[in-house]
Amino acid sequence: MNEDTTDLYLIRHGESVPNVTPIIGGMRGDAGLTDRGREQAQLLEKRLRKEELHADQLYASTLPRALETAQYVARALDLPVQPDDELHELRPGEADGLTVDQWRERYWPRPPAVRDAFTPLAPGGESWVAFLARAGAAIAALVDRHPGQTVVAVCHGGVIEASFYLAFGLGGTADRVSFAVLNTSITRWRHRRSPDGRREWTAVTLNDAGHLAGTDTPAESPREAVPNPPDDAVCGGVRR
């Protein structure tokens, strides 16, 4: 790599309690990993040790499911975890800790009013547009803070999806492309600045959960911890 090139590894957390129960998982509703999620994280740790990945920095979202996963990664990389609130999944506000049915009844009734990408999930929470702006800024800050280094961030499916919006220059009202980010999967970006100062992103690895292949530990979650964006949203005229 050039001295100003940053390798950024984005790792999704293991299966969490909100991934298997209909509870919206912000800071209040997130009860951490399931037993299966811990198995996934153990297999991830084993893979990172085997591949002898050298990293300079390790960050993690402060949501419990990400922090718990990051402990496995920290052991493999022999690095301390640097907590980063800006790597949170979409913030659910007053919907945090509610069941999905309770959320729909209180804040997203059927049939819904016409809503758009600027509508928060619930009062005090984020809209899809606000989330992409915050998560994109957090990703950009990581690579800008550590030029020439390898950075690992344990985060969430929505944050990894936001990295593609950032790299492709998409706004929050663009048609959504779902990446179906797998538990403990690795997405790797290479970032550098062009001579005229523009960002250049290279996608090196996408959604790689090879460490779970051939095991009895599935990589897909039954549900999202936070509706992302809400299923009933109408964004840019396209139903999500």
Side-chain angles (χ1 to χ4, degrees), residues 1-14 27 41 44-91 126 130-172 179 181-211:
M1 292 191 302
N2 297 331
E3 62 180 14
D4 63 343
T5 300
T6 302
D7 257 356
L8 176 63
Y9 289 77
L10 299 177
I11 298 177
R12 190 189 179 203
H13 58 81
M27 289 297 289
L44 171 65
E45 177 183 357
K46 182 178 179 181
R47 172 186 179 171
L48 294 176
R49 288 183 184 277
K50 182 178 180 181
E51 294 181 353
E52 297 182 345
L53 172 64
H54 169 76
D56 302 292
Q57 309 289 337
L58 172 60
Y59 289 85
S61 158
T62 55
L63 284 164
R65 57 190 182 272
L67 277 179
E68 190 174 350
T69 305
Q71 297 307 313
Y72 294 85
V73 177
R75 287 196 297 266
L77 301 182
D78 194 24
L79 286 173
V81 177
Q82 302 176 66
D84 189 340
D85 291 337
E86 296 305 295
L87 292 173
H88 279 194
E89 183 60 275
L90 187 146
R91 290 169 177 156
E126 288 179 313
F131 164 68
L132 288 179
R134 188 254 302 164
I139 293 165
L142 289 182
V143 296
D144 289 344
R145 198 179 302 147
H146 301 292
Q149 294 189 322
T150 296
V151 180
V152 177
V154 181
C155 53
H156 306 271
V159 175
I160 295 171
E161 188 166 343
S163 73
F164 286 86
Y165 280 75
L166 174 64
F168 297 156
L170 299 175
F179 295 99
V181 184
L182 302 176
N183 290 128
T184 67
S185 66
I186 299 170
T187 294
R188 178 184 175 192
W189 290 100
R190 184 163 289 157
H191 172 272
R192 66 182 294 273
R193 292 279 189 175
S194 66
D196 61 1
R198 291 181 301 173
R199 295 187 184 279
E200 294 182 355
W201 295 92
T202 300
V204 180
T205 303
L206 167 64
N207 208 15
D208 178 4
H211 48 284

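On a predicted model such as this, the values are computed, not experimentally measured, just so you know.
Rounded to the nearest 0.5 Å, atoms CG (Asp7) and OG1 (Thr202) are 9.5 Å apart. Here Ser61 contributes atom OG and Met27 contributes atom CE; the two are 8.0 Å apart, rounded to the nearest 0.5 Å. The CG atom of Asn183 sits 12.5 Å away from atom CD1 of Ile11, with the distance rounded to the nearest 0.5 Å. For the atom pair CG (Asp56) and CG (Leu79), the distance works out to 7.5 Å, reported to the nearest 0.5 Å. Rounding to the nearest 0.5 Å places CG of Leu58 at 8.5 Å from CD of Gln71. The CG atom of Leu182 sits 9.0 Å away from atom CG of Leu206, with the distance rounded to the nearest 0.5 Å.
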Decide yes or no on side chain to side chain contact (heavy atoms under 4.5 Å, CB included) for Leu10 and Ser163, but give the supporting numbers first. CA-CA 9 Å; Leu10 299 177; Ser163 73; 3.7 Å; yes
I would like to know whether Leu8 and His191 meet side chain to side chain contact (heavy atoms under 4.5 Å, CB included); could you show each step before the answer? CA-CA 8 Å; Leu8 176 63; His191 172 272; over 6 Å; no
Go through it in stages, so that I can follow the logic: the residues are Arg91 and Asp85, the test is side chain to side chain contact (heavy atoms under 4.5 Å, CB included), and I'd like the CA-CA distance, side-chain angles, deciding distance and then a yes or no. CA-CA 11 Å; Arg91 290 169 177 156; Asp85 291 337; 4.2 Å; yes
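Counting heavy atoms from C-beta on, the side chains of Val73 and Leu44 come closer than 4.5 Å. Contact check for Trp201 versus Phe164: no side-chain heavy atoms found under the 4.5 Å cut-off. Side chains of Leu132 and Leu170 form no contact here, defined as non-hydrogen atoms less than 4.5 Å apart.
Checked against salt bridge (Lys or Arg N to Asp or Glu O under 4.0 Å), Asp196 has the following partners two or more places apart in sequence or in another chain: Arg198. Residues forming a side-chain hydrogen bond (donor to acceptor under 3.5 Å, both in side chains) with Gln57 (at least two apart in sequence, or on another chain): Gln82, Gln149. With sequence neighbours left out, Ser185 forms a side-chain hydrogen bond (donor to acceptor under 3.5 Å, both in side chains) with Asn207. In this structure Thr205 satisfies the side-chain hydrogen bond (donor to acceptor under 3.5 Å, both in side chains) test with no other residue, sequence neighbours excluded. Annotation: salt bridge (Lys or Arg N to Asp or Glu O under 4.0 Å) contacts of Arg47 (sequence neighbours excluded): Glu51, Asp208. With sequence neighbours excluded, the residues that form a side-chain hydrogen bond (donor to acceptor under 3.5 Å, both in side chains) with Glu45 are Arg49, Arg75. Applying the side chain to side chain contact (heavy atoms under 4.5 Å, CB included) test to Glu200 and every residue at least two apart in sequence or in another chain returns Arg192, Ser194. Among residues two or more places apart in sequence or in another chain, the side chain to side chain contact (heavy atoms under 4.5 Å, CB included) test is passed with Leu53 by Tyr9, Leu48, Leu77, Val152. Applying the side chain to side chain contact (heavy atoms under 4.5 Å, CB included) test to Ala70 and every residue at least two apart in sequence or in another chain returns Ala60, Val81, Val154.
Across every non-hydrogen atom of Ala140 and Leu166, the tightest pair is N-CD2, 4.2 Å. Taking both residues in full, the closest heavy atoms of Cys155 and Ile160 are given as SG-CG1, 3.9 Å, listed atom of the first, atom of the second, then distance. Residues Ala162 and Ile139 come closest through the heavy atom pair C-CD1, 4.4 Å. Taking all atoms of both residues into account, the shortest heavy-atom contact from Val159 to His88 is CG2-O, 3.4 Å. What you find for Ala41 and Thr69 is that their closest heavy atoms are CB-CG2, 4.5 Å. Scanning both residues, Gly148 and Thr6, for their nearest heavy atoms gives N-OG1, 3.6 Å.
The salt bridge (charged side-chain N to carboxylate O under 4.0 Å, His left out) contacts involving residues 57-66 comprise Asp30-Arg65, where partners must be two or more places apart or lie in separate chains. Sequence neighbours left out, the pairs with a member in residues 50-76 that pass ring-ring contact (aromatic ring centres under 6.0 Å, His included) are Tyr59-His146. Pairs passing the salt bridge (charged side-chain N to carboxylate O under 4.0 Å, His left out) check and including a residue from residues 141-150, sequence neighbours excluded, read Asp144-Arg193, Asp144-Arg199.
Classification of Glu89 and Arg134 as a salt-bridged pair fails, no side-chain N sitting under 4.0 Å from a carboxylate O.
Using modelled atom types, one side-chain atom of His211 and one backbone atom of Thr184 make a donor-acceptor pair closer than 3.5 Å. A donor-acceptor contact shorter than 3.5 Å is absent between the side chain of Glu126 and the backbone of Leu90.
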